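Reading through the structure tokens given below for one structure.
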Amino acid sequence: KLDKIYEEIEKPIIHIIKKMQDYGILIDKKYFENLSKGYHKELDKLTDKIYKIAGLEFNINSPKQLGEVLFDKMGMKSSKKKNSNGSFSTKVSVLEELEENNPIIKEILAYRELQKLLSTYIDVIPKMTGEDDRLHAKFLQNGTTTGRFSSQDPNLQNLPIKTELGKRIRNGFIAGKGYKLLTFDYSQIELRVAAMLSGDKKMTQIFCDGKDIHSGVASFVFGVPLEKIDGEMRRKAKVINFGIIYGMGVSSLRKSLGGTREEAQKFYDNYFNQFSGLRDYLEGVKVFAMKQVYTETLFGRRRYFPNINSRIPFLKNMAERTAINAPIQGTATADIIKLAIRYSEEDLKNADLLNKAHLVLQIHDELVYEVEEGFLMEIEKVIKNAMQTVLERSYLHYKTNVPLIVHSGFGDNFGEVK
DNA sequence: TCTCGATGCCAC
DNA sequence: AAACGTGGCATCGAGA
Ligand SMILES: Nc1nc2c(ncn2[C@H]2C[C@H](O)[C@@H](COP(=O)(O)OP(=O)(O)OP(=O)(O)O)O2)c(=O)[nH]1
Ligand SMILES: [Mn+2]
Ligand SMILES: [Mn+2]
């Protein structure tokens, strides 16, 4: 089995990944320079404001100093301290509770966002391009315990998208003249895999009907009709869906839901009552893991859990959560996407399109190509088809009622793909 | 200049 | 507070 995974899934894409890195992705350096100027100016203004309100200058980047200023000098009270070193937590979720308390909080949150964007992306990425203005980041085929890729130097799998200020960074990733960026992302991929592996009747039916669980949960949680679900609401629903499946506690769920503890408990119970097949499957995976000390993906990719029978509750519980996550995450964003990379390449080659489509990014369940404009539609069709048919084409000839759906988009830059 | 753990936050 | 999972990376502060 492991031999098959190597021969059929990993080995055939080694050269494709190498090609992707060598080809790189085109960067609009001028755009980044301008963005940097504007954001730095705003950051300086925020710095002054914060010093003024605090009545003293300090290093805002130091959580230790910030905590002392807010909670000692300014006398704000936070619910919790950190246990070990006794200093205050200053993370966003804590600060947000104090937002109405003092105007400094709003400025600190804005400062944090800009500082993050500038120091991690805007002031780093243009410096790392080659003479061709292309960025040749690394994609590690065995970068994770579940079989996912990782990316580094820089990491191109975590480019901002949630906030407007962050999303603008994606506009600096562009297609060359006469080319477009063409993107493909699997719809609700790990939910679909969860439905397949568990055989849950209701969840399978939802996907057969072409429905969207992320949006459905968002609609329920925010009490608005499906048509009025925006990206932010859907993203929050994602956290809830995957959180529940992978062992989130009720306290944490309550934070995501925004209601009372009782409501959260009810939501949780109701969720697994609706998807009882999923619940039973997850319990079964735990039992399997305790006996075998490993779990495996649809294709037999294994991960071992030495702590699964530990008497230390924290370690055992953590092992259980990782044990139920690995088969689903591994099937979706390792087995499936890697086969998709392989078959897409094969089909492009057979259609004589390989010199007109270049893989430039892999983002877990998403592939981004730079393609010659004139062949856009043709290429889109080939790749989407390859991605959606990987399971039946694979050596497993896997048949399932759960369809794999891919959403595609294209544009002149990564921020404006539609 | 480097390492390290802690803190914090970006994405999927 | 915490105990959805998988990652990478900037910064601080202590220590070489
Ligand atoms: N455990 C966990 N997994 C996540 C989370 N966010 C994303 N993932 C995993 C599961 C997703 O299916 C997979 C791909 O992420 P996407 O952003 O593409 O979401 P998804 O495919 O579910 O929905 P989509 O229809 O593409 O918007 O990555 C998360 O917050 N927790
Ligand atoms: Mn997706
Ligand atoms: Mn995705």
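By convention in this document, chain letters (A, B, ...) are assigned in the order of the sequence lines, proteins followed by strands, and residues within each chain are numbered from 1. Everything quoted here is computed from the prediction, not taken from an experiment.
- The environment of Lys11(A) atom NZ is sparse: at most 12 non-hydrogen atoms of other residues, nucleotides or ligands sit within 6.0 angstrom.
- Contacts of Ile161(A) with the nucleic acid, taken as non-hydrogen atoms under 4.0 Å apart, involve only primed sugar atoms and P, OP1 or OP2.
- Nucleic acid contact class of Gln65(A) (heavy atoms, under 4.0 Å, all strands): sugar-phosphate only.
- Of the candidate nucleotides dC12(B), dA2(C), dC12(C), dA2(C) has the atom nearest to the side chain of Lys91(A).
- Note on Arg112(A): a side-chain N or O is less than 4.0 Å away from OP1 or OP2 of dC9(B).
- The side chain of Arg235(A) has dC12(B) as its nearest neighbour among dC12(B), dA11(B), dT11(C).
- Across dA11(B), dT11(C), dG8(C), the shortest atom-to-atom separation from the side chain of Ser150(A) is found for dG8(C).
- For Phe32(A) and Tyr121(A), the gap between ring centers reaches or exceeds 6.0 Å.
- On a pure distance criterion of 3.5 Å, a polar donor-acceptor pair joins the side chain of Ser251(A) and the base of dA2(C).
- For the OP1/OP2 pair of dC12(B) and a distance below 4.0 Å, the side-chain nitrogens and oxygens of Thr333(A) include no atom meeting the criterion.
- The side chain of Lys162(A) approaches dC10(B) more closely than any other nucleotide in the set dC12(C), dC10(B), dG5(C).
- Gln152(A) comes within 4.0 angstrom of sugar-phosphate atoms only, judged by non-hydrogen atoms across all strands, and of no base.
- A cation-pi arrangement is present between Lys338(A) and Phe149(A) under the rule of less than 6.0 angstrom and at most 45 degrees off the ring axis.
- Contacts of Glu366(A) with the nucleic acid, taken as non-hydrogen atoms under 4.0 Å apart, are absent.
- Partner of Ile105(A) under the side chain to side chain contact (heavy atoms under 4.5 Å, CB included) criterion, out of Glu100(A), Glu96(A), Glu99(A): Glu99(A) alone.
- Within the nucleic acid shown, Arg148(A) comes within 4.0 Å of at least one base atom, counting heavy atoms only.
- OP1 or OP2 of dC4(C) has at least one side-chain nitrogen or oxygen of Ser252(A) nearer than 4.0 Å.
- Mapping Gln329(A) and Asn317(A) onto DNA chain C via the closest heavy atom, the residue that lands nearer the 5' end is Asn317(A).
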